[in-house]
Asker: 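My questions all concern the structure below.
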Amino acid sequence: MTQSGHLHPLTLFGRKMVATFREMGFAVADYPEIESEWYNFDGLRMFADHPARDTQDTFYTTDGRVLRTHCSTVQLRFTEAQKPPLRAIQFGRSFRNEATDATHEAVFHQLDGIVVEKGITMGHLLSTQERFIKALFGATQEFRFVPAYFPFVEPGLEVHMKFKDRWLEMWGAGLVHSEVLKNMRIDPGKFTGFAFGIGVERLAMLYYGVEDIRG
């Protein structure tokens with residue numbers, strides 16, 4: 001008897017995330033997993049002294065490139081060919097040299113997004129994140145926005161969601177830093193934007209009710 005295979009739950013959940021952002025008008029981009037330091041670090045204001053660039057956090061190739069540590073490369077890559085108004089996401093694998101535990105893996109998936117238009121405010125960012133959460137988890141899901149620092153946004157925040165009896169940090173976001181806009185060759189005097197980077201596995205844990213990312 002012939003048996004058919006099934007898609008991995010993470011694949012199904014990732015497709016649901018992408019579809020939700022498509023419905024909000026986001027284009028879907030796909031860029032290399034092996035990146036230059038410019039796209040992965042420098043262009044996003046993660047300069048030479050940033051701890052994330054150390055070999056204990058990042059995998060480097062022999063020619064000095066890196067296995068991308070996030071999918072925020074979409075910010076610099078997408079804007080090379082597209083100019084505002086724009087909104088795009090990138091979904092894919094990311095790599096960090098860190099210990100595996102209940103909420104961390106060395107190889108994981110991220111969904112990162114960028115929006116740049118005239119008049120974008122923190123209100124647009126918050127409403128987009130709220131719409132995404134409610135689309136996937138329903139109106140009863142508890143979440144909160146917590147101030148946070150990231151070098152490529154100002155101001156920045158973290159999205160925390162209630163997971164069983166505790167709050168769990170799910171992803172970071174914020175208004176795109178003016179220097180990053182300049183690196184995109186976009187005039188920060190005319191345009192503003194917001195960016196976000198969502199850890200897919202951690203969010204899938206909540207969606208499927210799984211307490212250990214390794215299981």
Side-chain angles (χ1 to χ4, degrees), residues 2-35 39-40 67-82 85-96 98 100 102-116 124-143 145 157-164 168-174 193-215:
T2 302
Q3 293 183 335
S4 60
H6 300 277
L7 291 174
H8 192 281
L10 198 61
T11 300
L12 296 172
F13 181 65
R15 289 182 178 181
K16 186 176 182 68
M17 293 175 67
V18 170
T20 300
F21 280 108
R22 279 188 184 274
E23 291 173 1
M24 289 190 273
F26 284 77
V28 181
D30 185 23
Y31 298 114
E33 292 183 346
I34 299 177
E35 275 287 12
Y39 289 110
N40 198 84
L67 274 66
R68 67 183 181 198
T69 60
H70 47 68
C71 285
S72 292
T73 54
V74 67
Q75 297 183 43
L76 299 168
R77 287 285 190 180
F78 191 78
T79 52
E80 287 181 331
Q82 304 290 331
L86 59 87
R87 52 182 59 205
I89 58 169
Q90 178 174 210
F91 173 85
R93 294 190 302 174
S94 297
F95 309 85
R96 292 180 190 169
E98 60 184 11
T100 298
T103 59
H104 294 85
E105 281 281 10
V107 181
F108 57 98
H109 294 78
Q110 274 200 230
L111 187 151
D112 288 45
I114 177 72
V115 171
V116 180
H124 295 104
L125 168 60
L126 299 181
S127 62
T128 300
Q129 308 304 287
E130 181 175 356
R131 181 177 173 183
F132 169 71
I133 292 169
K134 289 183 176 179
L136 265 68
F137 295 94
T140 60
Q141 173 61 50
E142 295 182 74
F143 64 93
F145 301 117
L157 60 85
E158 292 176 348
V159 178
H160 293 191
M161 297 177 67
K162 199 67 172 292
F163 182 56
K164 299 188 180 294
L168 186 64
E169 173 201 342
M170 289 297 184
W171 69 88
F194 65 79
F196 53 89
I198 303 174
V200 178
E201 277 85 348
R202 187 172 293 189
L203 196 60
M205 287 171 60
L206 190 154
Y207 186 81
Y208 292 115
V210 176
E211 296 195 40
D212 192 320
I213 201 171
R214 297 164 295 186

Asker: Step by step, would you call Leu136 with Gln141 a side-chain contact (heavy atoms from CB on, under 4.5 Å)?
Answerer: CA-CA 9 Å; Leu136 265 68; Gln141 173 61 50; over 6 Å; no
Asker: Less than 4.5 Å apart, side chain to side chain, heavy atoms only: is that true for Ile89 and Met17?
Answerer: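 They are not in side-chain contact.
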Asker: Working to the nearest 0.5 angstrom, can you tell me the gap between His6 NE2 and Leu12 CG?
Answerer: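 The NE2 atom of His6 sits 10.5 Å away from the CG atom of Leu12.
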Asker: Check Val74 against Asp112 and note the closest heavy-atom contact, atom names and distance.
Answerer: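 In terms of heavy atoms, the two residues are closest at CG1-O, 4.0 Å.
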Asker: Stepwise, does the side-chain contact (heavy atoms from CB on, under 4.5 Å) test hold for Phe132 with Met24?
Answerer: CA-CA 9 Å; Phe132 169 71; Met24 289 190 273; 4.2 Å; yes
Asker: Working note: His124 + Val115, criterion side-chain contact (heavy atoms from CB on, under 4.5 Å); need CA distance, chi angles, decisive distance, verdict.
Answerer: CA-CA 10 Å; His124 295 104; Val115 171; over 6 Å; no
Asker: Find the distance between CE (Met170) and CZ (Phe143) and round it off to the nearest 0.5 Å.
Answerer: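 So the CE of Met170 and the CZ of Phe143 are separated by 12.5 Å.
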Asker: Under the ring-ring contact (aromatic ring centres under 6.0 Å, His included) rule, collect the residues that match up with Phe95, sequence neighbours excluded.
Answerer: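 In terms of ring-ring contact (aromatic ring centres under 6.0 Å, His included), with neighbours along the sequence ignored, Phe95 is linked to no residue.
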Asker: Just to verify, what does Glu35 make a salt bridge (Lys or Arg N to Asp or Glu O under 4.0 Å) with, not counting sequence neighbours?
Answerer: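 Here the qualifying residues are Arg77.
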Asker: Looking only at heavy atoms, what is the nearest atom pair of Thr73 and His70, with distance?
Answerer: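 So the two residues come closest at N-ND1, 3.9 Å.
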Asker: Could you pull out all residues at least two apart from Ser94 that satisfy side-chain hydrogen bond (donor to acceptor under 3.5 Å, both in side chains)?
Answerer: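 Testing Ser94 for side-chain hydrogen bond (donor to acceptor under 3.5 Å, both in side chains), a comparison that skips the adjacent residues, returns none.
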Asker: Partners of His109 by ring-ring contact (aromatic ring centres under 6.0 Å, His included), sequence neighbours excluded?
Answerer: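 Counting only residues at least two positions away or on another chain, His109 forms a ring-ring contact (aromatic ring centres under 6.0 Å, His included) with Phe91.
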Asker: Can you list the residues that meet the side-chain hydrogen bond (donor to acceptor under 3.5 Å, both in side chains) rule with Glu142, with sequence neighbours excluded?
Answerer: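 Result, side-chain hydrogen bond (donor to acceptor under 3.5 Å, both in side chains) vs Glu142: none returned.
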Asker: Heavy atoms only: give me the nearest Gly199-Trp171 pair and the separation to one decimal.
Answerer: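 Looking at all heavy atoms of both residues, the closest pair is N-CB, 4.3 Å.
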Asker: When rounded to the nearest 0.5 angstrom, what is the spacing between OG1 in Thr128 and CZ in Phe196?
Answerer: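 If we round to the nearest 0.5 Å, Thr128:OG1 and Phe196:CZ are 7.5 Å apart.
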Asker: Between CD1 of Ile114 and CD of Gln82, what distance do you get to the nearest 0.5 Å?
Answerer: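 It is 13.0 Å, given to the nearest 0.5 Å.
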Asker: Would you please name every residue forming a side-chain hydrogen bond (donor to acceptor under 3.5 Å, both in side chains) with Lys162, sequence neighbours left out?
Answerer: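 Once residues adjacent in sequence are excluded, Lys162 has no partner under the side-chain hydrogen bond (donor to acceptor under 3.5 Å, both in side chains) criterion.
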Asker: List for me each residue that meets side-chain contact (heavy atoms from CB on, under 4.5 Å) alongside Pro85, sequence neighbours excluded, and say none if there are none.
Answerer: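 Partners of Pro85 under the side-chain contact (heavy atoms from CB on, under 4.5 Å) test: Glu117.
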Asker: Using the test side-chain contact (heavy atoms from CB on, under 4.5 Å), find all partners of His8 that sit at least two apart in sequence or belong to another chain.
Answerer: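 Here the qualifying residues are Leu10, Thr11.
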Asker: Which pair of heavy atoms, one from Tyr208 and one from Pro9, lies closest together, and at what distance?
Answerer: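 Minimum heavy-atom contact is OH-O, 2.7 Å.
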Asker: Give the intermediate values and the outcome of side-chain contact (heavy atoms from CB on, under 4.5 Å) for residues Gln129 and Leu157.
Answerer: CA-CA 11 Å; Gln129 308 304 287; Leu157 60 85; 5.7 Å; no
Asker: On a heavy-atom basis, which atom in Met205 and which in Glu211 lie closest, and how many Å separate them?
Answerer: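 Smallest interatomic distance, heavy atoms only, reads CE-O, 3.4 Å.
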Asker: Residues two or more places apart in sequence or in another chain: which of them pass ring-ring contact (aromatic ring centres under 6.0 Å, His included) with Phe13?
Answerer: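 Phe13 satisfies ring-ring contact (aromatic ring centres under 6.0 Å, His included) with Tyr207 once adjacent residues are dropped.
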Asker: Output every pair passing side-chain hydrogen bond (donor to acceptor under 3.5 Å, both in side chains) with a member in residues 15-34, not counting sequence neighbours, ordered by first then second residue.
Answerer: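 Found Glu33-Arg93.
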Asker: Taking ring-ring contact (aromatic ring centres under 6.0 Å, His included) as the definition, give me every residue that meets it alongside Phe26, ordered by chain and number, with sequence neighbours left out.
Answerer: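 So Phe26 forms a ring-ring contact (aromatic ring centres under 6.0 Å, His included) with Phe21.
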Asker: Going by side-chain hydrogen bond (donor to acceptor under 3.5 Å, both in side chains), name the residues that satisfy it together with Asn40, two or more places apart in sequence or in a different chain.
Answerer: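 Once residues adjacent in sequence are excluded, the partners of Asn40 under the side-chain hydrogen bond (donor to acceptor under 3.5 Å, both in side chains) criterion are Thr69.
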Asker: To the nearest 0.5 Å, tell me how far Phe108 CZ sits from Arg202 CZ.
Answerer: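 The distance works out to 10.0 Å.
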Asker: Roughly how far, to the nearest 0.5 Å, is CD of Glu201 from CG of Leu206?
Answerer: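 So the CG of Leu206 and the CD of Glu201 are separated by 14.0 Å.
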